[in-house]
Protein chains: 2
Amino acid sequence: MDKTPDLCRVEDALSILVGKWKPIILLHLLQKGTQRFSELKRSMPGITQKMLTKQLRELEEEDIIARVVYPQVPPKVEYSMTDYGRSLEPILEAMHEWGTKHTVHKQAKLDKEAKRQEA
Amino acid sequence: MDKTPDLCRVEDALSILVGKWKPIILLHLLQKGTQRFSELKRSMPGITQKMLTKQLRELEEEDIIARVVYPQVPPKVEYSMTDYGRSLEPILEAMHEWGTKHTVHKQAKLDKEAKRQEA
DNA sequence: TCCCTTAGTATCTTTTTGTATACTATACCA
DNA sequence: TGGTATAGTATACAAAAAGATACTAAGGGA
């Protein structure tokens, strides 16, 4: 079974998940449900407003998340996963699981290297 | 169940999978087994030597792939998945599957927009 | 003798990402 | 009157990733 012509599909999936922040945003929304802009921002120390805005817009553009604006002052905007976005959950879960294992593997490797330095 | 402290794990997994080329390289190696540098390059029109080299080195550094050099001229270098690298297969498969669905979704969306333009 | 091959390096330029900072609107509170 | 809050936008800048191009070694073939 040759899958070569489909390889580009993986790139498509990746383009939605990658970036320093997207998977984290998605996991927050999956785990906590609807979140306001400021709640997301507080959950991710280090992200700038510009970046968060940009990532959210891109995810919205792909129908992964929904954006609801309440015409108030001060502004209120809520973000949530769409049904379509929730279909990403298996990938996120697989990555989460693998990431946990990977950390162990990486630590073991570092320990081994440290030992070699000692000798 | 709060998973917040584990969010970074996903980033770990991502850091290995991301980049425009890594998942494609990995799928090629998973599907075809051991490959020479030039075979990989030919499978990925558009990638530059520099990029391919860089991605392969990074994957090697993470123990995802193995690199075997034959001391010949012209040079011969073979790449293959390590056992550890093969543990990424479920993620790659999940992404592949989702990517295929996503393409359909995206196309449907474009068609709908095209229709709206006509009206 | 020149050209071909392979698996790279080296160097430079462009593009993409990310950061920092300042600014906005409008209601509420002291 | 001034400060607080929210969800942004605008601008300038720095850093990282990606791309284009030229170069290398050493043997074989025309």
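Numbers restart at 1 for each chain; the letters A, B, ... are given by sequence-line order, proteins then strands.
DNA chain C lies under 4.0 Å from at least one heavy atom of each of the following residues of residues 70-82 of chain B: Pro74(B), Pro75(B), Lys76(B), Val77(B), Tyr79(B).
Residue Met51(A) contributes atom CE, which lies 17 Å from atom P of dT11(D) at whole-angstrom precision. Rounding to whole angstrom units, CD of residue Glu60(B) and P of dA7(C) are separated by 15 Å. The CE-P distance, from Met44(B) to dG19(D), rounds to 13 Å in whole Å. Nucleotide dG8(D) holds its C1' atom 14 Å from the CD1 atom of Ile47(A), rounded to whole Å. What separates CD of Gln55(B) from P of dA7(C) is a distance of 18 Å, to the nearest Å. The NZ atom of Lys41(B) sits 15 Å away from the C1' atom of dT9(C) (whole-angstrom rounding). To the nearest angstrom, C1' of dA18(D) lies 18 Å from CZ of Arg57(B). Rounded to an integer number of Å, the gap from Leu52(B) CG to dT6(C) P is 13 Å.
DNA chain C is contacted by both Phe37(B) and Lys50(B); Phe37(B) maps to the nucleotide lying nearer its 5′ end (nearest heavy atom per residue). Two residues, Gln49(B) and Trp21(B), neighbour DNA chain D, and the one matched to the more 5' nucleotide by heavy-atom proximity is Trp21(B).
Applying the 4.0 Å criterion to OP1 and OP2 of dA7(C), one finds that Arg36(B) has a side-chain N or O inside that range. A sub-4.0 Å separation between OP1 or OP2 of dA7(C) and a side-chain N or O of Arg67(B) is absent. The side chain of Ser38(B) places an N or O atom within less than 4.0 Å of a non-bridging phosphate oxygen (OP1 or OP2) of dA7(C). Neither OP1 nor OP2 of dA7(D) sits under 4.0 Å from any side-chain N or O of Arg42(A).
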Problem - Evaluation steps, side chain to side chain contact (heavy atoms under 4.5 Å, CB included), between Ile65(B) and Ile25(B) - result: CA-CA 10 Å; Ile65(B) 63 173; Ile25(B) 294 171; 5.5 Å; no
Practice task
Please assess Glu62(B) against Tyr84(B) for the test side-chain hydrogen bond (donor to acceptor under 3.5 Å, both in side chains), listing each intermediate value before the final yes or no.
Solution key: CA-CA 9 Å; Glu62(B) 300 278 5; Tyr84(B) 182 50; over 6 Å; no
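A donor N or O paired with an acceptor N or O is not found under 3.5 Å between the base of dT17(C) and the side-chain atoms of Lys54(A).
By the neighbour-count criterion of 12 heavy atoms within 6.0 Å, atom CD of Glu78(B) is densely surrounded, having more than that number from other residues, nucleotides or ligands. Within 6.0 Å of the CD atom in Glu61(B), the count of heavy atoms belonging to other residues, nucleotides or ligands does not exceed 12.
With sequence neighbours left out, the ring-ring contact (aromatic ring centres under 6.0 Å, His included) criterion links Trp21(A) to no other residue.
Within the 4.5 Å cutoff, side-chain heavy atoms of Ile16(B) are placed close to those of Leu88(B).
Salt bridge Lys22(B)/Glu58(B): present, at least one basic N to carboxylate O contact under 4.0 Å.
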